Amino acid sequence: MTKKDFYSKAEFFTPDEIFDIQKQRFINILNIIKNTKFSNFYQQKILQHNQNKLTLDNVIAKFNNCNDKADFYNLFNQLIPFTTKQDLRENYPDKLCCFDKKNYVRLHCSSGTTGNPTAIFYTKADLDKWADLMARSLFVAGVRPDDVFQNMSGYGLFTGGLGIHQGAEKLGCLTIPAGAGNSKRQIKLLQDFGVTVIHILPSYALHIAEIISEYKKHQFSNLRIAIVGAEPYSEESRQRIQNALGVKVFNNFGLSEMNGPGVGIECQQQNGIHIWEDSFIAEIINPQTCEILPNGEIGELVLTTLTREGMPILRYRTRDLTKILGNDCPCGRNHLRIDRILGRSDDMFIVRGVNIFPMQIENILMNFQQISNNYVIMLQTNPQSNLDDLHIKVEIKNEFFSEDIRQLQNLQKAIESALHDEILVRPIIELVQHNSLPKSDGKVKRVIDLRQK
Ligand code: ADP
Ligand code: ZN
């Protein structure tokens, strides 16, 4: 391997090296928590969790004395409590900050997709480390300093703006802060500056893919990589974006509680997201029992920050559902790979007793070439039967919409039965004209629940 094959040596740490650095960095975080005079949140939480039988010094000593990997993670599971979104909301805005306010240089908030936002504060060192992880992630996806990088996600409090931006700049790319929306301007920027890499949300990528496919492909011949994340998307959607834009799509994962983007990304294999384990400890738990699940089982992703000094967060329950695929990869990196995020535990909805994730529906819909890239799922109470109806509006591509009514009815039936086979509930499918459903520049809302509660 030549020097140019990696951004950071940490990418190619062996499993033992990863363990050593996790241990050392976790103990460092515990010391920050022990010594801070500005937040007693974890001091109390850890003591309570251990029924006041251990002091923080005892806890640190136990980790220090532990040299066996399996014992270390058992200890971690035993002594360290989970942190929930509720904890962060109750301690909003700054009760988890371990330093004096003058040490912080930026704050971000989560998008608030599922309720009140939470705030994250960063010191200068935290921002540098985050930028470095983001630059590393981009490098692993194939981005290089001579790339022209257009960031098509919203700036402001959302971490997908500045978070991605600082990584692209740190890597040395010419970085265009295009922001979200205004497709005409986005396309003009792509053309005028010979953009080679974009960062974009999947719902917006599917939208812009339709506009771009109306242009001649060669006008975008420079474009080669799309970094796509911040919301779940199916493999079928990835294929659609790749084909329409002529790019390779890399799934990029992060959440503001863990800095933002840069927690992990797919490598050239496109076979799961490598989580940067030198900076985060990742676990998958059963969301009901909180037991740790073995590799391959779907559960809730739990993450711990290992390098953020200003506001460490331990065992954060992300509510994101996925599974661990393993920690070996043909690319040679040992950082564990997780599967694409299936959805959040709170995205799941129940219709007629069946648990359904929006992603299951998207998987089926995107297999129909007649369907364009937009759809919306509506849950309604049937006034006659009082049962829940699953009503899905799907946009049909223009060339298929003008066909005769029988063909449209056949298509409607085919979609209904394909979905019925997958989710075991027969949906009501409504075929609507292309571009008739609402679009979103930011995170899209696919499910509208109109049921009488
Ligand atoms: P909010 O939780 O309010 O949306 P964030 O902006 O911090 O705030 O979003 C983080 C969340 O976005 C993650 O917890 C996850 O649900 C989702 N997300 C981020 N990256 C991906 C990805 N690559 N695939 C699927 N979901 C993602
Ligand atoms: Zn890999």
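Values in this document were obtained by computation on a predicted structure and should not be read as measured data. Every number for a ligand or one of its atoms is a count from 1 in the order of the listing. Heads up: numbering here begins at 1 and tracks the sequence.
- Considering backbone and side-chain N/O atoms, N251 comes within less than 3.5 Å of an N/O atom of ligand 1.
- Between the SG atom of C267 and the NE2 atom of H274, the angle taken at the Zn ion (ligand 2) works out to 110° after rounding to 10°.
- Relative to atom 11 (C) of ligand 1, the option among R344, E231, M359 with the closest non-hydrogen atom is R344.
- Look at E11 and R333 and you find a salt bridge, because one of the NZ, NE, NH1 or NH2 atoms lies within 4.0 Å of a carboxylate O, short of that distance.
- Nearest to atom 19 (C) of ligand 1 by heavy-atom distance, out of S110, G254, G260, S153, is G254.
- Near G229, meaning under 4.0 Å from one of its heavy atoms, ligand 1 places the atoms 23 (N).
- Geometrically, R315 engages F82 in a cation-pi contact defined by less than 6.0 Å to the ring centre and at most 45° from the axis.
- Counting the atoms of ligand 1 from 1 in the order shown, those under 4.0 Å from a heavy atom of K85 are 2 (O).
- K102 has a carboxylate O that lies under 4.0 Å from a charged side-chain N of D100, or vice versa, which qualifies the two as a salt bridge.
- Near F158, meaning under 4.0 Å from any of its heavy atoms, are these atoms of ligand 1: 6 (O).
- Atom NZ of K188 has 12 or fewer neighbouring heavy atoms from other residues, nucleotides or ligands inside a 6.0 Å radius.
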Report the C-alpha distance between Y73 and E283 in whole Å, list the side-chain angles of each, state the deciding distance to 0.1 Å, and finish with yes or no for side-chain hydrogen bond (donor to acceptor under 3.5 Å, both in side chains).
CA-CA 10 Å; Y73 296 118; E283 306 164 271; over 6 Å; no
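- Between D320 and ligand 1 there is a heavy-atom distance shorter than 4.0 Å.
- Ion pairing of R317 with E300 is present here, as a side-chain N (NZ or NE/NH1/NH2) and a carboxylate O approach within less than 4.0 Å.
- The shortest N or O to N or O distance between A230 and ligand 1 is under 3.5 Å.
- Side-chain polar atoms of R337 and N327 form no donor-acceptor pair below 3.5 angstrom.
- If you look at N252 next to ligand 1, the close heavy atoms, those under 4.0 Å, all belong to the backbone.
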